[in-house]
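Below is one structure, written out as structure tokens; the observations come after it.
Counting convention: from 1, in listed order, for ligands and their atoms alike. Everything quoted here is computed from the prediction, not taken from an experiment. Atoms considered below: every heavy atom in the structure, side chains included; atoms not considered: hydrogens, waters and symmetry mates.
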Amino acid sequence: MDERINEIAQNIKIVRDNIEKACSRCGRDPKEVTLIAVSKTKPVEDVRAAMAAGMEYFGENKVQELTMKMDTITEPLHWNMIGHLQKNKVKYIVGRAELIHSVDSLDLAQKIQSEAAKKNAVANILLEVNVSGEESKFGIRPEQLEDLVRQIAVLPNVHIKGLMTVAPFTEDPEENRQYFRNLRNLAVDIKSKNIDNVTMSVLSMGMTGDYMVAIEEGATMVRVGTGIFGERNYVC
Ligand SMILES: *Cc1c(COP(=O)(O)O)cnc(C)c1O
């Protein structure tokens with residue numbers, strides 16, 4: 001067990017060092033980049049090990065696993081829902097997850113609005129954009145972004161904080177640079193329109209294979225699973 005705790009602590013140190021290096025390459029302050037430990041499929045003990053190493057931001061991609069971990073760990077943590085969200089599960093996380101990264105339809109945003117209103121809460125969200133155009137990916141097409149932002153902006157209990165993308169899996173992270181750059185450009189464009197109730201301060205992009213490139217392209221949140229907790233037993 002101690003060995004596992006050490007392993008996770010060491011991995012976190014490596015990732016943090018890499019974040020610093022990427023920031024210094026492009027003149028950014030590492031404080032601008034939030035590291036989210038993606039603990040999906042990993043046991044609560046692993047989350048505790050990461051907490052012991054100073055991690056405060058965690059990401060999960062399934063509602064049931066997210067709520068189980070939130071219920072089990074009572075210490076205050078920043079929980080992020082990063083996976084595809086079904087409307088019938090929205091009620092379990094609104095008011096609990098700090099940020100929902102994966103909103104990709106008006107329908108879903110409206111459901112979040114009604115649950116948030118019931119709880120007198122504000123739901124912070126990101127819009128997931130499929131910048132690579134991969135068929136298998138969730139997320140809206142870039143051309144749909146502005147309309148969707150304007151439609152969601154009028155929902156009083158939903159705050160758009162920025163954009164998120166999942167880039168293609170690749171051996172060469174440089175191949176994803178264009179997609180990260182595209183996401184940042186979309187955020188700059190939306191920001192310039194000064195839409196009420198919309199900020200574009202968060203760019204959630206970059207995973208284990210490509211987070212350094214994502215940081216060079218402006219990521220403010222990177223979502224790292226394998227790089228912290230090791231390989232997962234199954235693909236999800
Ligand atoms: C699993 C997952 C990650 C982390 O992936 P790694 O390659 O293990 O770092 C990041 N973002 C999303 C949306 C995920 O589902």
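- For the pair R96 and D71, the salt-bridge criterion is met [side-chain N within less than 4.0 Å of a carboxylate O].
- Of all atoms in ligand 1, numbered sequentially from 1 with element shown, those under 4.0 Å from a heavy atom of T226 are 6 (P), 7 (O), 8 (O), 9 (O).
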* Asked: Can you check side-chain contact (heavy atoms from CB on, under 4.5 Å) on K87 and I112, steps first, answer last?
  -> CA-CA 8 Å; K87 277 189 286 174; I112 294 171; over 6 Å; no
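- The N/O atoms of G225, backbone and side chain alike, include one that comes under 3.5 Å of an N/O atom in ligand 1.
- Short contacts between ligand 1 and V224, defined as distances under 4.0 Å to a heavy atom of the residue, involve ligand atoms 9 (O).
- Scanning K40, H101, M207 for the heavy atom closest to atom 15 (O) of ligand 1 points to K40.
- Taking every non-hydrogen atom of R223 and a distance limit under 4.0 Å, the qualifying atoms of ligand 1 come out as 4 (C), 9 (O), 10 (C), 11 (N), 12 (C), 13 (C).
- By the 4.0 Å N-to-carboxylate-O rule, R4 lies too far from E45 to be salt-bridged with it.
- Under the side chain to side chain donor-acceptor pair (under 3.5 Å) criterion, Q113 pairs with N157, sequence neighbours left out.
- Using cut-offs of 30° and 60° on the angle between ring planes, the pair H78 and Y57 is parallel.
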